[in-house]
Amino acid sequence: MSEQSSFNLKQASEEAYVEPSGILDQLNLSPAIVSFLRANKRILQVSAVVTVVLVVAISSYKSYRQNKLESAASSLAISMAAEGEAKVTALEHVVSDFSGTPSALWAATELGHMSMKDEAYTKAATQYSQVRDKISDSSPMYGLLTFGAAQAYEAGKEYSKSSTAYSALKDIAGYSDEGYMGMARVLEAQGENNKALAVYEEYLGTFLGENANERITTMIQEKITRLRAQK
């Protein structure tokens with residue numbers, strides 16, 4: 001009786017067992033989707049892993065980038081507070097240690113300013129130009145750096161390079177006045193009075209209607225009159 005009971009219990013258990021349908025079957029997905037998922041299970045698993053790795057990598061990079069920006073800003077602030085050679089050394093470290101950050105660009109620009117003060121004009125022009133080449137021409141720094149390079153070349157009597165920089169400055173919003181005046185001034189310094197006159201006349205032609213500036217207009221007219229008298 002005992003053996004029969006055990007047999008009946010085992011038989012009943014086997015008959016009652018139903019193979020699990022799986023999570024896909026429980027999601028009420030269409031048979032076509034379920035078949036696709038099962039057929040591409042391996043590919044989907046790999047894709048999921050790759051996605052997770054990418055998300056983690058991007059998150060880690062953003063965190064690293066933010067920390068780098070904060071450290072660079074802090075180092076720049078400390079460098080700007082220094083003086084003399086200590087300041088130069090500190091700024092150079094910001095440029096080398098935090099390359100690619102706005103702080104590194106500003107540090108390099110400050111080095112250019114310091115070179116100008118020391119009358120190391122060629123060095124200053126090079127520093128300004130190198131920073132400018134690393135940024136977009138839409139950056140607010142672009143015009144400032146072009147102007148700095150033009151002034152440095154002019155101060156160093158590298159008139160050809162200075163004239164080129166001032167010429168480019170004419171087409172940069174907010175710097176056209178400096179561009180025209182600088183270019184004409186450099187041409188005069190080279191004895192190219194006729195070319196300087198042409199630049200002044202072109203500059204005067206930009207003052208139309210609301211753009212007219214009485215003070216600057218009078219100044220340019222005086223320069224034109226002077227150069228014409230020298231012919």
Side-chain angles (χ1 to χ4, degrees), residues 80 84-85 87-88 91-92 94-95 99-100 102 104-231:
M80 294 296 288
E85 287 301 316
K87 182 175 182 178
V88 172
L91 289 171
E92 289 176 342
V94 174
V95 173
S99 176
L105 295 177
W106 280 112
T109 302
E110 181 61 22
L111 286 171
H113 295 338
M114 295 181 71
S115 293
M116 281 291 287
K117 291 179 181 178
D118 292 338
E119 299 183 359
Y121 301 124
T122 299
K123 183 178 181 180
T126 299
Q127 288 170 319
Y128 288 139
S129 298
Q130 287 178 341
V131 177
R132 184 188 57 188
D133 292 343
K134 295 178 182 179
I135 62 177
S136 167
D137 58 7
S138 62
S139 169
M141 290 181 66
Y142 192 85
L144 174 65
L145 292 163
T146 302
F147 186 34
Q151 287 185 308
Y153 285 130
E154 181 181 2
K157 301 187 184 305
E158 296 185 64
Y159 294 129
S160 178
K161 293 181 179 179
S162 179
S163 182
T164 299
Y166 278 125
S167 180
L169 207 60
K170 293 189 305 179
D171 300 321
I172 300 176
Y175 290 91
S176 60
D177 293 343
E178 290 80 1
Y180 279 107
M181 295 300 293
M183 190 173 181
R185 186 173 59 250
V186 168
L187 288 170
E188 282 194 74
Q190 292 177 283
E192 300 282 358
N193 291 348
N194 288 335
K195 291 182 179 180
L197 175 61
V199 173
Y200 283 129
E201 290 176 334
E202 179 186 349
Y203 184 29
L204 185 62
T206 65
F207 288 89
L208 301 173
E210 296 181 356
N211 292 327
N213 182 303
E214 185 176 349
R215 182 183 63 81
I216 296 179
T217 299
T218 300
M219 180 184 66
I220 297 172
Q221 288 174 335
E222 290 175 351
K223 290 181 179 295
I224 290 175
T225 300
R226 174 175 55 80
L227 289 174
R228 284 176 177 173
Q230 294 176 3
K231 284 188 174 183

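We number each residue from 1, following the sequence as shown.
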Separation of [Y] [atom2] from [X] [atom1] (nearest 0.5 Å):
| X | Y | atom1 | atom2 | result |
| --- | --- | --- | --- | --- |
| Leu169 | Tyr180 | CG | OH | 11.0 Å |
| Lys161 | Thr122 | NZ | OG1 | 7.5 Å |
| Tyr153 | Glu158 | OH | CD | 6.5 Å |
| Met219 | Lys223 | CE | NZ | 6.0 Å |
| Met114 | Leu91 | CE | CG | 6.5 Å |
| Leu197 | Gln230 | CG | CD | 10.0 Å |

For [X] and [Y], work out which heavy atoms get closest and say how close.
| X | Y | value |
| --- | --- | --- |
| Glu188 | Ala196 | CG-CB, 3.6 Å |
| Gln127 | Gly112 | OE1-CA, 3.2 Å |
| Val186 | Ser162 | CG2-OG, 3.5 Å |
| Gln190 | Ser160 | NE2-N, 4.4 Å |
| Ala104 | Val94 | CB-O, 3.9 Å |

Does some side-chain heavy atom of [Y] sit less than 4.5 Å from a side-chain heavy atom of [X]?
| X | Y | result |
| --- | --- | --- |
| Leu144 | Tyr128 | no |
| Ile216 | Met181 | no |
| Met141 | Lys134 | no |
| Leu204 | Tyr200 | no |
| Glu202 | Lys170 | yes |
| Lys195 | Val199 | no |

| request: Look at the rings of Phe147 and Tyr175 and say which category their plane angle falls in: under 30° parallel, 30 to 60° tilted, over 60° perpendicular. | output: tilted
| query | In this structure, are over 12 heavy atoms from other groups packed under 6.0 Å from Lys87 atom NZ? | reply | yes
| Tyr159 backbone acceptor or donor facing Ser163 side chain under 3.5 Å |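 No: the side chain of Ser163 does not pair with the backbone of Tyr159.
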| request: Go through Lys157 and Tyr121 one step at a time and tell me if the side-chain contact (heavy atoms from CB on, under 4.5 Å) criterion holds. | output: CA-CA 9 Å; Lys157 301 187 184 305; Tyr121 301 124; over 6 Å; no
| Carboxylate-amine/guanidinium contact Glu154 Arg185, below 4.0 Å |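 Here Glu154 pairs with Arg185 in a salt bridge, since their nearest N and O are under 4.0 Å apart.
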| Qualifying residues under side chain to side chain donor-acceptor pair (under 3.5 Å), relative to Ser138, sequence neighbours excluded | Ser136
